[in-house]
Protein chains: 4
Amino acid sequence: MEKGASGRTEVNSQRRKLILDIAARLFAHGGYSATTVRDIADEAGILSGSLYHHFSSKEAIIREILEDYLEGLLANYDVIVEENLSSKDTLYALIKAAFDMIDEQPHAVALYQNEAAFLQTIPGFEFLTSQSGRIEEVWQAQLAQGQAEGDIRASLDPAMAYRFIRDGMWSVVRWYRQDGKYSIDEVREQFILLLRGVLLNDE
Amino acid sequence: MEKGASGRTEVNSQRRKLILDIAARLFAHGGYSATTVRDIADEAGILSGSLYHHFSSKEAIIREILEDYLEGLLANYDVIVEENLSSKDTLYALIKAAFDMIDEQPHAVALYQNEAAFLQTIPGFEFLTSQSGRIEEVWQAQLAQGQAEGDIRASLDPAMAYRFIRDGMWSVVRWYRQDGKYSIDEVREQFILLLRGVLLNDE
Amino acid sequence: MEKGASGRTEVNSQRRKLILDIAARLFAHGGYSATTVRDIADEAGILSGSLYHHFSSKEAIIREILEDYLEGLLANYDVIVEENLSSKDTLYALIKAAFDMIDEQPHAVALYQNEAAFLQTIPGFEFLTSQSGRIEEVWQAQLAQGQAEGDIRASLDPAMAYRFIRDGMWSVVRWYRQDGKYSIDEVREQFILLLRGVLLNDE
Amino acid sequence: MEKGASGRTEVNSQRRKLILDIAARLFAHGGYSATTVRDIADEAGILSGSLYHHFSSKEAIIREILEDYLEGLLANYDVIVEENLSSKDTLYALIKAAFDMIDEQPHAVALYQNEAAFLQTIPGFEFLTSQSGRIEEVWQAQLAQGQAEGDIRASLDPAMAYRFIRDGMWSVVRWYRQDGKYSIDEVREQFILLLRGVLLNDE
DNA sequence: GATGAATGAGCATTCATTCAT
DNA sequence: AATGAATGAATGCTCATTCAT
């Protein structure tokens with residue numbers, strides 16, 4: 001009888017979740033602009049107008065996808081940071097969290113990579129700017145501490161290093177596929193290897 | 001063939017070039033799908049219908065931008081490779097060529113980064129696949145040779161290493177701006193520093 | 001028939017009445033076409049689909065509002081006419097009945113003023129034509145008798161005079177508000193003063 | 001070659017005028033809300049999307065109709081007032097101007113009567129409030145002066161008298177038709193007769 | 001080369017209505 | 001009586017493209 005116990009809300013939220021999943025996939029593959037609400041509705045097996053029973057607009061759909069994604073990512077980050085590991089181990093954990101996201105929510109990750117810059121300028125999407133700022137703060141704090149602890153090359157500019165690492169890492173979503181030949185852990189290990197240096201005997 | 005006779009065509013090709021520049025900028029900033037031919041025509045100071053005197057379609061515009069871009073990039077790569085430097089020096093030169101592109105043709109670079117994956121699937125854009133394949137071959141050949149020569153960490157998977165490097169490097173276009181605080185050379189130097197290793201004392 | 005037995009129906013009819021009141025107000029303010037069934041349902045605190053337990057369609061709602069309104073107005077008129085007063089006193093009484101309607105049922109009056117002409121052409125709204133015809137007959141009979149009795153200017157065309165009076169009078173609903181500075185009786189007195197002549201010394 | 005001499009702009013403005021005329025008629029008959037841009041386009045013999053070559057929105061169409069109407073009416077009023085006739089003759093002239101409008105532009109008049117109250121609240125339609133204010137000022141000035149000169153019944157409240165006259169007069173558009181049995185001059189004469197008093201021997 | 005008018009397909013969204021629960 | 005999900009048709013509007021002038 002209660003909301004929690006009743007199947008009604010469950011069904012409702014399952015429907016919403018289904019639509020969000022479909023939309024994330026289509027937005028990620030074809031782009032937000034080029035994907036129509038009919039595309040989404042067709043895959044959900046309903047008419048396009050019926051989408052509006054669940055979401056107030058096409059924008060509201062992508063907003064919810066990105067909000068959920070960033071919220072989840074930052075929650076993972078917060079857990080990691082609260083463990084108070086060394087900066088190096090924290091960085092390893094942050095990297096693992098990112099690769100796990102790529103593995104588990106590739107569409108949301110790709111969507112964020114592709115559309116965030118554009119959406120950031122639109123009213124109602126300010127959270128993209130503030131959340132990406134929080135993410136950057138977490139990383140840069142660890143990079144700076146790593147430099148202090150002697151684990152991170154001191155001559156690196158932390159701001160630029162963060163951007164290089166961030167873009168190289170998250171871009172994995174563009175080519176990593178479950179059906180590919182590498183597991184996500186193998187890819188992550190290669191990435192960490194790369195952070196230990198590509199060019200040798202050169203300093 | 002002479003100046004007088006070719007004047008008309010010169011003007012014509014100047015107009016074309018102007019439109020291509022405007023389109024590259026607008027496509028890069030707002031996305032190909034979300035940018036209208038009217039947006040382009042407005043900035044060019046003509047009506048949207050008049051664009052069709054210069055280009056057969058909106059697709060033809062982006063195709064020409066990307067063809068020119070990839071052709072130019074590969075031409076630069078060919079010059080570099082033909083110099084027969086050591087693999088390490090060749091890689092440095094390839095990196096420099098890329099950063100110079102980012103500096104000089106940021107819109108085309110950004111456009112390629114953002115839209116190539118989607119456009120690749122469209123008839124008429126097969127050149128994207130073939131040219132990006134050629135680019136990858138150039139890099140992988142040098143990475144493999146670098147491993148043979150002992151300049152590149154042998155435990156790296158060349159295919160993955162290439163992707164990490166490629167994505168981290170070209171993504172610079174997303175945040176590098178002439179009005180930023182770093183010169184393109186400073187950014188490139190930081191990038192090379194990163195390739196020499198972020199994480200230390202760890203092997 | 002008893003309170004206990006009729007409770008359900010009472011509640012039912014109270015609900016109906018509430019919905020009719022809300023609908024009349026919204027239709028009067030925003031127009032029938034521009035008011036949605038959801039607007040009505042929202043104010044009634046139910047979902048739009050639930051309206052269809054009380055009314056078979058949006059049209060049925062406005063039909064019932066207008067039927068009730070015209071029925072009530074004509075009932076008042078019938079009482080007045082049956083009193084067999086002089087034509088002048090009958091006209092005064094008809095005018096008072098109209099102004100009281102404006103005071104007590106402003107939304108229904110406004111709705112009838114604004115939408116009747118359009119709705120009259122729609123199947124199912126023939127009663128608008130027949131009832132407005134009956135209203136006109138009542139007035140014109142009194143105007144004609146007033147001319148016979150010498151109380152009404154003989155040179156007036158009764159058909160046109162009726163229309164002028166009708167429109168000037170009922171349009172009061174557009175600007176009369178309880179929060180205005182005039183009472184309904186003051187407005188009515190001014191209207192009667194006007195019927196005694198605006199322009200003087202002129203015949 | 002000049003704009004004025006060229007047929008291009010003429011044709012353009014003829015098209016616009018045709019669309020405005022059609023829209024005024026349809027809006028007046030079916031209501032602004034219930035009339036679709038497809039209805040208008042159909043009568044103009046073009047597709048609905050082509051309307052947007054001439055007008056930026058459906059709202060822009062009704063706005064232009066009403067702006068033109070009020071501008072024309074006030075221009076007529078200004079000419080009349082500048083003649084400096086007696087207040088009584090000025091009022092006669094204002095009345096004639098109104099009836100001529102009803103005769104010549106019945107759709108615009110009806111549109112204004114039916115929709116102005118609603119549109120007034122919408123951004124971009126503030127001119128309705130300001131222009132109707134100017135109209136009221138013209139009338140009230142003459143009514144007040146008429147009272148001072150002894151031509152208008154002194155016991156009338158000028159504000160209310162104006163509203164009664166205005167509504168009775170402009171509502172003529174609802175029943176006057178060229179194909180009716182009265183000429184516009186006959187209707188006007190009856191209206192003036194009414195202003196000289198309906199009820200007689202009664203003061 | 002460019003204009004201005006138009007096309008035709010499509011888009012996000014709205015809305016009255018239905019119906020199983 | 002009411003809900004919540006869905007329908008299906010329509011709505012205002014956009015956009016790439018065409019073409020006579």
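To find a chain, count down the sequence lines: A is the first, B the second, and so on, and within it residues start at 1. Model, not experiment: these values are computed from the prediction.
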Without decimals, in angstroms, what is the distance between [X] [atom1] and [N] [atom2]?
X	N	atom1	atom2	answer
R38(A)	dA10(F)	CZ	C1'	11 Å
I46(A)	dA12(E)	CD1	P	14 Å
K58(B)	dA9(E)	NZ	C1'	15 Å
D39(A)	dT13(E)	CG	P	14 Å
F55(B)	dT18(F)	CZ	C1'	18 Å
I61(C)	dA16(E)	CD1	P	10 Å
L47(A)	dT14(E)	CG	P	16 Å
D42(B)	dA2(E)	CG	P	15 Å

*OP1 or OP2 of dA2(F) sitting under 4.0 Å from any side-chain N/O of H54(C)?*
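Yes, H54(C) has a side-chain N/O under 4.0 Å of OP1/OP2 on dA2(F).
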
*Do the side-chain N or O atoms of H53(B) get closer than 4.0 angstrom to the phosphate oxygens (OP1, OP2) of dA2(E)?*
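No, H53(B) has no side-chain N/O under 4.0 Å of OP1/OP2 on dA2(E).
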
*Taking 4.0 angstrom as the limit, do R63(C) and E67(C) come out as a salt bridge?*
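Result for this pair is no, no salt bridge flagged.
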
*Can you say whether the rings of Y69(D) and Y112(D) are parallel (under 30°), tilted (30 to 60°) or perpendicular (over 60°)?*
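Geometry flag for Y112(D) against Y69(D): tilted rings.
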
*asked:* Let me spell it out: for each of S57(D) and T35(B), pick the nucleotide of DNA chain F with the closest heavy atom. Which residue's pick is nearer the 5' end?
replied: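 Its nearest nucleotide being more 5', the pick is S57(D).
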
_Given dA12(E), dG12(F), dT7(F), the nucleotide with the shortest approach to the side chain of Y52(A)_ =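 For the Y52(A) side chain, the nearest candidate turns out to be dA12(E).
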
*When you measure from the side chain of S50(A), which nucleotide among dT3(F), dA6(F), dT17(F) comes out closest?*
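Among dT3(F), dA6(F), dT17(F), the one nearest the side chain of S50(A) is dA6(F).
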
_Need the pair for dA1(F). Rule: Watson-Crick or G-U wobble, both distances under 3.5 Å, any strand; none if unpaired._
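Partner of dA1(F): none found under 3.5 Å.
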
*Close side-chain approach of E71(D) and F127(D), heavy atoms under 4.5 Å*: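 No - every pair of side-chain heavy atoms lies 4.5 Å or more apart.
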
*If we only count heavy atoms from C-beta on, is the L20(B) to H107(B) side-chain gap below 4.5 Å?*
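The answer is no; the side chains never approach within 4.5 Å.
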
*For DNA chain E, whose closest nucleotide is more 5', that of L51(D) or that of Y32(C)?*
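Of the two residues, L51(D) wins.
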
_Between D21(A) and R25(A), does the salt bridge (charged side-chain N to carboxylate O under 4.0 Å, His left out) criterion hold? Intermediate values first, please._
CA-CA 6 Å; D21(A) 284 349; R25(A) 175 162 45 82; over 6 Å; no

*asked:* By the 4.0 Å heavy-atom rule, please label T36(B) as base, sugar-phosphate, or nothing.
replied: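 Contact class for T36(B): sugar-phosphate only.
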
*Mind checking S48(D) for me? I need base, sugar-phosphate or nothing, with any heavy atom below 4.0 Å counting as a touch.*
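Base contact - S48(D) has a heavy atom under 4.0 Å of at least one base atom.
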
